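Read the structure below first, then the notes.
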There are 2 protein chains.
Amino acid sequence: MDTDRIERVREFNRYYTRHLGVLTDRYLGQDRPLGQARLLFEIGAGSDVRELRERLGLDSGYLSRLLRALTDQKLITVRAHPADRRVRIAELTAAGHAERAELDRRSAAGIAELLDRLTDGQRDQLLDAQARIRRLLRTAALTVEPVPAGDPAARDCLHRYAAELATRFPEGYDPATITAADQVDGTTLLAREDGRPAGCGLWIHLAPRIAEIRHLWVAPPARGLGLGRRLLHALEADAAAHGVSIVRLGTHAALTEAIELYRRGGYRQIAGYSDSVYNQLAFEKTLGQSSQSS
Amino acid sequence: MDTDRIERVREFNRYYTRHLGVLTDRYLGQDRPLGQARLLFEIGAGSDVRELRERLGLDSGYLSRLLRALTDQKLITVRAHPADRRVRIAELTAAGHAERAELDRRSAAGIAELLDRLTDGQRDQLLDAQARIRRLLRTAALTVEPVPAGDPAARDCLHRYAAELATRFPEGYDPATITAADQVDGTTLLAREDGRPAGCGLWIHLAPRIAEIRHLWVAPPARGLGLGRRLLHALEADAAAHGVSIVRLGTHAALTEAIELYRRGGYRQIAGYSDSVYNQLAFEKTLGQSSQSS
DNA sequence: CCACTTCTCTGACCTGTGTCAGAGAATTCT
DNA sequence: AGAATTCTCTGACACAGGTCAGAGAAGTGG
């Protein structure tokens, strides 16, 4: 195995957490237990308790006691949800907002002190390297997996896809155009980032050994990570594994990034094969033996 | 202030610690409290208790109980130091070594899983960016400060400097050449990285308004961080602040990096002014108003 | 109306981490 | 030899974090 690289990453982690992680957390948890401090941040403008429990991954008993401690300190107030009085809503008081701002200021002060010791160019280098690492970690966190055609997360992606097209196409977009679940005789792929849906795509048969790729979409926050290309390749590989040798797809002239993606992916433009009004352009690719997922 | 940059660094810290930091620590502390796991690593080939306490920054009572827990699990043995029976020495048993290797393996497995999801080029990008960040953080952690001429840490640096020259000069180096503490009528500067001495340098008067910079040295682990340049500039600034307008220094032909440093720093070579056998080359710089520390 | 579910809170409990004071053994200083 | 110092261990204590079972209030469905 690649032990040298692994060791270097671990070395970095040790160094980084010791120097920066500690730095910021210590500032945060200076007067106040870390749990309470985090909760103050997480409450923000006001959140219901159930949501907080979910976001912070806490036991209901523990969270309840944390909330109690904060109300005793008059930093938050807790009241019942107007619609469902079982649910309770936590909100920051004026003192809570002040405390939160103070914690925020302190945590930022630690970073400011660090940045102060660097030249302007070095600061930019730092930010640049951090952005690159983050991008790579996010890329590694992305998963692409087949899901049943009716999968709720996938359907949700398709609706967001439709909503986006409606704003991008001058003529709008009719949501009824989306392929119905029972119409998918190929495969639906769903991409996730840390469990949250991040993109989708599906293919269906046009004829024996001929497939059509549809509804390839990447959620805005996941763009720029190469996910479109990855989904496209995965769909091709999956279709090939099901005996498909030719893949077609149609797209709209307004979707310039998509067109670029298909061109780079080895697709060539063909005459229109579809009667969908949105498919202004058509593309085709012959799947060879070399088609691989990645 | 530069709130945007600060916010971006904090964002990165949150993301990174959540994704990678957590990852490794969870693997480490899976079956075993983190304190015990860390102790197992720190003991390594065998260490005396006092040293462990220092390295991990633990209370003697707490450490004692951690050691007890590990001995009860037959992972370590503790015996008295042969020379001083108050001091105790902890050593891993065979089982302890196995356990340590297992923890190590698990922690590495988390990283390996991550790296596996990246292409080879992405892996290199990740390592490269991490190395850059680490370099920048270390640079920011370096401090340069004046110390009394007899400061033990500074004297220690000078001895290490002498030891290094002894190996680098074909003719060796006589430690008696080092400027005595009572001979320093200028300033001694000491560089530290996280408290540990990382380099030194000093200047003395050759004549009114003329100073000589001596014994500029950077500890091997701190090289490549621009510390030599920083020490040199700081010495110049300090001398200028004490009314010095001309700085001279002598060096040995074997010290090519130093010679390069002086050339880049605006020094020009002059005829030898010193009778020291090690000063094969001599340099001089006139300090202008623009001389600044940084 | 009744049974069931959902949501929060309370009390009891556990573990890990950390601090403090002092005892006891070994060593060093005078 | 006796006093002072060094080093480790023990016991007592505190607190944060976290888990579990169950009570009680509020809502939902038949």
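Below, read A as the first sequence line, B as the second, and so on, with proteins coming before strands; counting in each chain starts at 1. Everything quoted here is computed from the prediction, not taken from an experiment.
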Atom-pair distance ([atom1] on [X]; [atom2] on [N]), nearest Å:
X: A:L66; N: D:dC15; atom1: CG; atom2: P; result: 16 Å
X: A:R79; N: C:dC7; atom1: CZ; atom2: P; result: 18 Å
X: B:Q36; N: C:dT17; atom1: CD; atom2: P; result: 8 Å
X: B:D48; N: D:dC9; atom1: CG; atom2: P; result: 12 Å
X: B:R50; N: C:dA26; atom1: CZ; atom2: C1'; result: 14 Å
X: B:D72; N: D:dT10; atom1: CG; atom2: P; result: 10 Å
X: B:L63; N: C:dG18; atom1: CG; atom2: C1'; result: 12 Å
X: B:R65; N: C:dT19; atom1: CZ; atom2: P; result: 11 Å

Can any side-chain N or O of A:R123 pair as donor or acceptor with the backbone N or O of A:L115 at less than 3.5 Å? yes
Any sub-3.5 Å donor-acceptor pair from A:H215's side-chain atoms to A:Y161's backbone N or O? no
Ignoring hydrogens and geometry beyond distance, is a side-chain donor-acceptor pair present between B:Q73 and B:E99 at under 3.5 Å? no
Checking contacts here: which listed nucleotide ([options]) is nearest the side-chain heavy atoms of [X]?
X: B:L67; options: C:dC9, C:dT19, D:dC9; value: D:dC9
X: B:Y62; options: D:dG17, D:dT8, C:dT19; value: C:dT19
X: A:P33; options: D:dT10, D:dC9, D:dA16; value: D:dA16

Has A:R86 got a side-chain N or O lying under 4.0 Å from the OP1 or OP2 atom of D:dA25? no
N or O in side chain of B:R53 less than 4.0 angstrom from D:dC7 OP1/OP2: no
Count the heavy atoms belonging to other residues, nucleotides or ligands that lie under 6.0 Å from CZ of A:R68, then report whether that count exceeds 12. no
Just call it for B:D84: base, sugar-phosphate, or nothing, with non-hydrogen atoms closer than 4.0 Å on any strand. sugar-phosphate
Kindly give the heavy-atom pair with the smallest separation between B:A222 and B:E193, and that separation in Å. CB-OE1, 4.4 Å
Within the modelled atom types, does a donor on one side and an acceptor on the other bring the side chain of A:S60 and the base of C:dC7 under 3.5 Å apart? no
Taking the nucleotide of DNA chain D with the closest heavy atom to each, which residue, A:G61 or A:H81, is nearer the 5' end? A:G61
